[in-house]
Every structure is written in C-alpha cells, then in structure tokens.
Amino acid sequence: MSEAATMFKPYSRPQMAKLAADDIPEGWYVNLGIGIPTAIADHVPLDREVIFHSENGVLGMGPAPEKDKIEPWLINAGKQYVTLRAGGSICHHADSFSMIRGGHLDLCVLGAFQVADNGDIANWATSENDTAPAVGGAMDLAAGAKRLWVLMDHTTKDGTPKLVNKCSYPLTAQRCVKRVYTNLAVIDVADIGFVVRQMSPGLSFEDLQARTEAKLHLPG
Amino acid sequence: MSEAATMFKPYSRPQMAKLAADDIPEGWYVNLGIGIPTAIADHVPLDREVIFHSENGVLGMGPAPEKDKIEPWLINAGKQYVTLRAGGSICHHADSFSMIRGGHLDLCVLGAFQVADNGDIANWATSENDTAPAVGGAMDLAAGAKRLWVLMDHTTKDGTPKLVNKCSYPLTAQRCVKRVYTNLAVIDVADIGFVVRQMSPGLSFEDLQARTEAKLHLPG
Amino acid sequence: MINKIVRSMADAMAGIKDGSTVLLAGFGSVGQPNQLIEGLIEQGARELTVAANNAGSGHVGLARLMELGRVRKIICSFPRSSDPVVFETLYRSGQIELEIVPQGTIAERMRAAGAGIPQFFTATGVGTKMAVGKEHREIDGRTYILENALKGDVGLVEAWEADRWGNLTYKLAGRNFNPVVAMASELSIVQTQHVRELGELDPDHIVTPGIFVDRVLHVPYGDPGSF
Amino acid sequence: MINKIVRSMADAMAGIKDGSTVLLAGFGSVGQPNQLIEGLIEQGARELTVAANNAGSGHVGLARLMELGRVRKIICSFPRSSDPVVFETLYRSGQIELEIVPQGTIAERMRAAGAGIPQFFTATGVGTKMAVGKEHREIDGRTYILENALKGDVGLVEAWEADRWGNLTYKLAGRNFNPVVAMASELSIVQTQHVRELGELDPDHIVTPGIFVDRVLHVPYGDPGSF
C-alpha cells in the first residue's frame, strides 16, 4: 500500500448503508440480507415508500419495534423482531419464495465474501470443504431478484481483495451482481466489468485498484 | 337382446345416485363431476359428514340454496349456486387443483362416454376430430383423485355398450376407474377386469353381459 | 407515496401492446373482470393470445373481443359455454387458434410462471391427446408429462377489496384464477369492488399481496349476474 | 361426525414408524411445533429423515432428537443456529447425513409434493455446489436445474386456530413453512393454540383447509420465546 493509502477516509457502515438506501426509489420491493444490509432500511425515510420483504413470508416491514412493543409472532429472516407497516401482509414460505424466485423483487442486497467482475457472488461458504455450510435463502435471492446489490468491506481484514477476477469460494449464484457498495467505493458490474461510480473521500483510483484484484474501469 | 330383457327394472337416476352415496363413508373428501354425479350429494345425509369439493376452490359444499337465499358469489364448477357448510373454506384455483392433483381427494365421481375394463375412461370428447372438445377439470380429477368412480347409463340410447374392451373415444385418463354405477349394475374394476357387485332387480348376469362389450366377472 | 389506484379505464389499459398474451381470471361470471375486458375491447390491442378457463359466451366480453377479430389464439380448458357461438364460428372457419389445456394444468402453469418455474412434470393428461408431442418421464413408477409455465404480458383480475399498495382480497368463489393470474402477469390490472385505506386489510387475510399488482381501478358494479 | 382433534400426545403421535421422513415447520421458534417435537422424542421412532429449515439449537427439540441418535439424515437450508452444538458434533463424527437445500427450494419441493408435481426446474443453485449431479436444462436462454418433490410421511405443524375438520389459521410470521408441510405430508399432525367451533373460522380466512390435516392437538402454550 502506498503512502496515500493513509490519507483517505473509508465509508463507515452507516455511510455504506445510506449510500445504498439513497439509490432505492420509492415503490421498489426490496429484500435486505441478514447482517449489514439490514441497516439499509434505517436510512430510507418512511415517506419514501419502499416495501421491504423477508424470506419468512413478511412483506412491508417497518422500523424495529420499541422494546416494550414487541410482537412475539413477528420476526424477519434474521430472527429479529420487526414491525409491519400499514399495507403489510403475510404469506407462507412457498408463496414468499415465489416472490423471490419469480422475479418479483426489484432488488436484493446481500453481504458477500467475494464478488467477481462477471457478477458472480460467493457469500455462503468460505471453503469447498466447509463442514456444514449454511445457504439459507441466499441462492434463491441472488438468482431470483431483478437486481442484486452487494454491501461488503472492500477487502478482508488482512487486506485480501474481495472484488476478484474469479471467486475462489463456492458460488452463491452466477453473473447476477449489478452493483457493489464497499467501505471504499460504489462500483457497478457492467458488461466490461467493474465500473467505479464513486470513491470514499481522499481515495485515488490507483489506491482503489491496488486494493482490488479485478481490473477497475472509470465510467464513460 | 333376449326376451328376459323386458322383465327387469333399471335403476333410476336417483337410485344410481343413492347407491353411490351409500358407499361413501364419513370423512371422505369427494369431488362430484358436473351432471348426474352432482346428485349424489343429495343422498348423503348431513349428519354423515362428507366434505364435497369443487374445482373452483370451494371445499365443504352443503345443499343447494333456497331460491331466496342465493349467495351470488358462491357457485360450483357446474356454475350452479351452492352453499357452504360450517367448516367450509375457499382457496384459489391452483390450490384447489393441488388438492386434486396431489392425491388429497378420497374420491371423484365422473360421468363417462366409455369405461374400459382396464380402468381407462373416456368422458370428454366423442370423436378424435371433435371441433372444440371441452376437457375442463376431468383429466386432473381422473388422474389425481385417490379413487375414481363413474356414474353413467350402461349403454347409449341406441343400445351400444359403454363398458368396453378398449375405449374408442379419446381418453380422459388411463387405468384409474375403480367402480362404475350404471342403470343396470354396480361393477368394480379389478385386476381381472369388470366384477359385478350388484344388478338391478330382475336382471340376469347373462342379460347384463349381453349389454356389455367387455367380459364381466362374478365376485370371488 | 405508492398509489397503484388509477383514475380511468384508459389509464388502466395504457400501453397494452398488439401481440400480447393476456391472462383472464374468472370462473363463470364470478370473479371475472368484465369491465376490464370491455376496457381492453375499447383500448384496441390486436393479435392477442388470451388464456382463460372458457372461450366466452354470447356476444359480450371475451366473445366480443374475439368477434372483433382481436384474438389470434385462445388457451382454455372448456371452450364450450351456454352460448359459445362466436368462438365456434371463428374456430370452424380457421380464424382462431385453440390450445386446450386441462383446468388444473392451466392454473398450475400460471402459478409456475409466477413462481419462477419454467417447466414441471404432471400426471394429468398422460395417455391422452394432451400428451401428444410432450416429453414423457417415468418417475417412481408412474408416467408424467412436462408442462411449460404460462406467463402473461397482461393479467386482468377482479378483486373484492384493494388498497393503494395493490393488496387484494376476494369474495368466496370470486377468488378462483385471480391470484394466479396476478402472480403470472408482467402487468397485472385489477378491477375492485371496494377500495380500502392502507392498513384496513388484515395482514393475515390479504390473499394477493401488492407485489403482484400494478394497477387498480375502482369498479363497484355489485353482485355477478346469473349464468 | 368428523373430529380430527385428538385428546393426548400419544394419540397425536400414534403409528409413526421407524425410517419415516418427518417434515418440521417453523422458522426460528415462531410457528414451530415444539410440543409435537417433544412428543416425537417420547414416541420413540428411529432412523428418521428430518426436513426443517434449521438443524436444531441447544439440547432441546430437534437437537435433542438428534442427540438421542434418532435422526439418520437432516435436510435443511441453514444447519447453523445460535447454538448448533449437537448437529455439529454428530456431523463431524459422521453420525448424521446432511442435505443442504436452498430455503426456497425446500419450500417449493414441499409444495410440489403436496400439489402432485414430482419434479420441477428452478434457476436457484445453478452454477453452485447445489447443482452438482443434477439435471441441467436450458429453457428460453437461461439454465435451470431439476429438483424433486419432498414428501413427508409425517408433518408437524403449529397453528394459531383449528377446528374439528382440521381447518387452520396462523398468526403473522407463525405461518412460514406450516401450510406447505401440511400439504406435503401423508400424516399431518397439528398443535394449535386455539380450538374453534366448526363454522367460527371465516371460509375466506382459512389458510390450510382440513383436507391437508389429519390430527389436531390443543397446545395453548402462549407466545413463542426469544431466540
């Protein structure tokens, strides 16, 4: 890493979530993956109506409940207590996954271990020999939603790039990621590969490329 | 036809319906085809609880409504007004046919043009070149119900047998009829073929055979 | 604010293209979106493929649409009706194509389209004319045939209640094909007897969630007529 | 008189055989038939194949059933949980077989079993380890894999309300896998919070009709616990 690397300010988790949230237009049906993506909902104002879906048959989730107003029969796929907005509805698991697999969700945002510049995503197992990997609904969401965005750190803690030429971890789905929000940049996955839309303050394109295995492109 | 043929008394339509009705035990889920089979329900007393299903998503039908108590939103597959018993429920068409195709109906009773002694049924078209044959739900019911009974006249009006060696009309489904109630007899479809359980008063086995193309067997 | 409720029939029908596949819900005249069918007649799209349980009756609704020469092909389970004169005339003179599909297979093909299942196996129709030319497969000792999803470019739906997010309920046998038509269609257009405030419909009682619905038109026509 | 309501857990569990495939509904502890799982532990059937979304937590319920050596194979989408110690111990020592299935594919496989569809194509899992050894097919330019129906010999279900015909409703996220488990299982056993008189449940609001239900046990345990 170059000297300059110390000069930039990575996006915080809330900033990453806000960046993604600001890109979601009113009226979209959106599934937010377990973990960091869930925080995106906090950055969408209630008067911009975005309809959040959870795999376990909950459509139209609202903000997290206050502690003394928990409805014990209302949880999301991350098994957190949630609320239902006016207009929310309940369905069974097969109907819920019909929404996902039938291409009815405008957007899904997942976390990931790796994203390749052809849009491949690996987010469910860190080894071909993982003893008991847990896939949950990730493969359904990645393959089924109209568009898939990823929210993740740009590299692992030890600096290994997560935006790669080819995923080394087991795939979740092929050629489906459309955009990646990292702590360093917002990057589209286009036909030519990764196209940088925005970088964290103070970061140069060269610095970003140094932290990225796959080739980066500038727009236009 | 022999002389004796004039001596017997065929079952009337209500008698045929009653014979079938008496064979339906409490607790069965039953679909009655459009036409004569519909009348079977009238012969099942309400305190022997049999749950009648209609293809258009109605489960638990009761007796026909009185004229001044018609619910215009409640019809059966024959597009007649029906009632719903306490315990009745509504579902959509795909769920309704899941009940049929998933093998959840204990019984379906259909009318037919022909039944062969291997259990084949032809009940939807009277010619290979029928201009616009109407199959409706018959193929789903015949293939899907746990057991299929047929209620029909023993011969056509001109005396042509309808219990045949091989259906000449286009098939509705293969090898699925388990029993046939005609105006002359009640006949099981067993591994060896047609087995006569009961004949209309005064009819001899030979007379019945004379009106039947396929070979008839006596039980045991 | 999301508002799927449109103010006019013209808005409801906007953009339906020639050559579209249109899925029509309804069984008999119960839960049948009659006013939307009239709207489609008015709208003018041609060369339509229409999937519905029946092939129209008399000279109104679907029959009228066919009579005007706007339907290239009909996919249905039961082309006969109390008065199928229009369909039969067109069919005999070779002016309309017919695909007969068992009723459960139509419903399941629509549901499959909505659920992202392009093809599935079924026992319905095996050994019959319906199986001719279709892939056969023996699975656990029984023979099945392969059927394709039936996707609509446009779906016409009748609901009992709707809200501005497009959540729907149905009344009794008015449910029938409506939920599968809504989920199978790219553009789902609903006529509803009642419009409810958002939040008025119980989340546990909503049958078609708004995710399957694009436009809602308030048509409080009352009870369906006789048959 | 039809009466699917049984009076004891022993009656609810009667006849479950060794080697059965048991479908377990529930997602987290919401809508999970915990008392029926305890009943199954008590009942004693062995060599079970269990399909559920998770592989149990702590040392109770499904985890306890596994710990007692009664489960030969588990089919699930997410074997991890807050405390998956029992499953992980058994799995690492080769004492339990695991089939990982994407969550939507499990749900759809159960629904297919209930709907008479032995096999269907799906895009979920294409290009992943889930697709290894499965039939692939390109349909309209996209690749799909073939999945099989997942039928239960026994299904364990939790309902909010039930009547003596076995009609069920669910409460909010307690619905989850329950309706598909009920329709996919040869013997569907339900624990219900509330028993209603026949006719008390609105025909338009019944989610699982009694045709998919065999036995109902009244277990009014209250709200699900924390996770």
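Every chain is numbered from 1, with letters handed out A, B, ... down the list of sequences. The structure presented is a predicted model; accordingly, all values stated were derived computationally and were not measured.
Taking non-hydrogen atoms and a 4.5 Å limit, the residue list of residues 171-180 of chain C in contact with chain B, ordered by number, reads K171(C), L172(C), A173(C), G174(C), R175(C), N176(C), F177(C), P179(C), V180(C).
For the set I100(C), T105(C), V207(C), the count of heavy-atom pairs under 4.5 angstrom toward chain B peaks at T105(C). Of the listed residues (G136(B), A77(B), A173(B), G144(B)), the one with the most heavy-atom contacts under 4.5 Å to chain C is G136(B). Comparing R101(B), H92(B), E55(B), E71(B) by heavy-atom pairs within less than 4.5 Å of chain C, the highest count is held by R101(B). Chosen from G57(B), A142(B), A94(B), S96(B), the residue pairing most often with chain C at heavy-atom distances under 4.5 Å is A94(B). By number of non-hydrogen pairs under 4.5 angstrom with chain B, the leading residue of T122(C), V126(C), D223(C), I106(C) is D223(C).
For the pair Y170(C) and W73(B), the minimum side-chain heavy-atom distance is 4.5 Å or more. Contact of the I75(B) side chain with the F27(C) side chain is registered, since non-hydrogen atoms from C-beta on lie closer than 4.5 Å.
Looking at residues two or more places apart in sequence or on another chain, you find a salt bridge (charged side-chain N to carboxylate O under 4.0 Å, His left out) between K18(B) and D22(B). Considering only residues two or more places apart in sequence or on other chains, E67(C) meets the side chain to side chain contact (heavy atoms under 4.5 Å, CB included) condition with H59(C), R64(C), V86(C).
For the atom pair CG (L141(B)) and CD (Q103(C)), the distance works out to 8.5 Å, reported to the nearest 0.5 Å. Interatomic distance, D120(B) CG to T128(C) OG1, rounded to the nearest 0.5 Å: 11.0 Å.
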Worked check of side chain to side chain contact (heavy atoms under 4.5 Å, CB included) between K79(B) and N54(C): CA-CA 12 Å; K79(B) 287 152 196 173; N54(C) 292 70; 3.1 Å; yes

Stepwise side chain to side chain contact (heavy atoms under 4.5 Å, CB included) check, K129(C) with W124(B): CA-CA 11 Å; K129(C) 290 170 73 165; W124(B) 71 292; 4.0 Å; yes

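Only the backbone of V101(C) comes within contact range of chain B, with at least one heavy atom under 4.5 Å from a heavy atom of that chain. Heavy atoms of F87(C) lying under 4.5 Å from chain B belong exclusively to its side chain. Neither the backbone nor the side chain of D95(B) comes within contact range of chain C, judged by heavy atoms closer than 4.5 Å. Contact of T172(B) with chain C is made through the backbone alone, with heavy-atom distances under 4.5 Å. Proximity to chain C involves both the backbone and the side chain of V135(B), based on heavy atoms less than 4.5 angstrom apart. With a 4.5 angstrom heavy-atom cutoff, T143(C) does not touch chain B via any of its atoms. Neither the backbone nor the side chain of I100(B) comes within contact range of chain C; no heavy atoms are under 4.5 Å apart.
Residue-environment remark: NZ (K166(B)) stays at or below the threshold of 12 foreign heavy atoms within 6.0 Å. Around the CZ atom of R137(C), the shell of radius 6.0 Å holds more than 12 heavy atoms that belong to other residues, nucleotides or ligands.
Pairs passing the side chain to side chain donor-acceptor pair (under 3.5 Å) check and including a residue from residues 182-192 of chain C, sequence neighbours excluded, read Q35(C)-Q191(C).
For the residue pair P224(C) and P72(B), the shortest heavy atom distance occurs at CG-O, 3.4 Å.
Between the side chains of E108(C) and H93(B), no donor-acceptor pair of N or O atoms lies under 3.5 Å.
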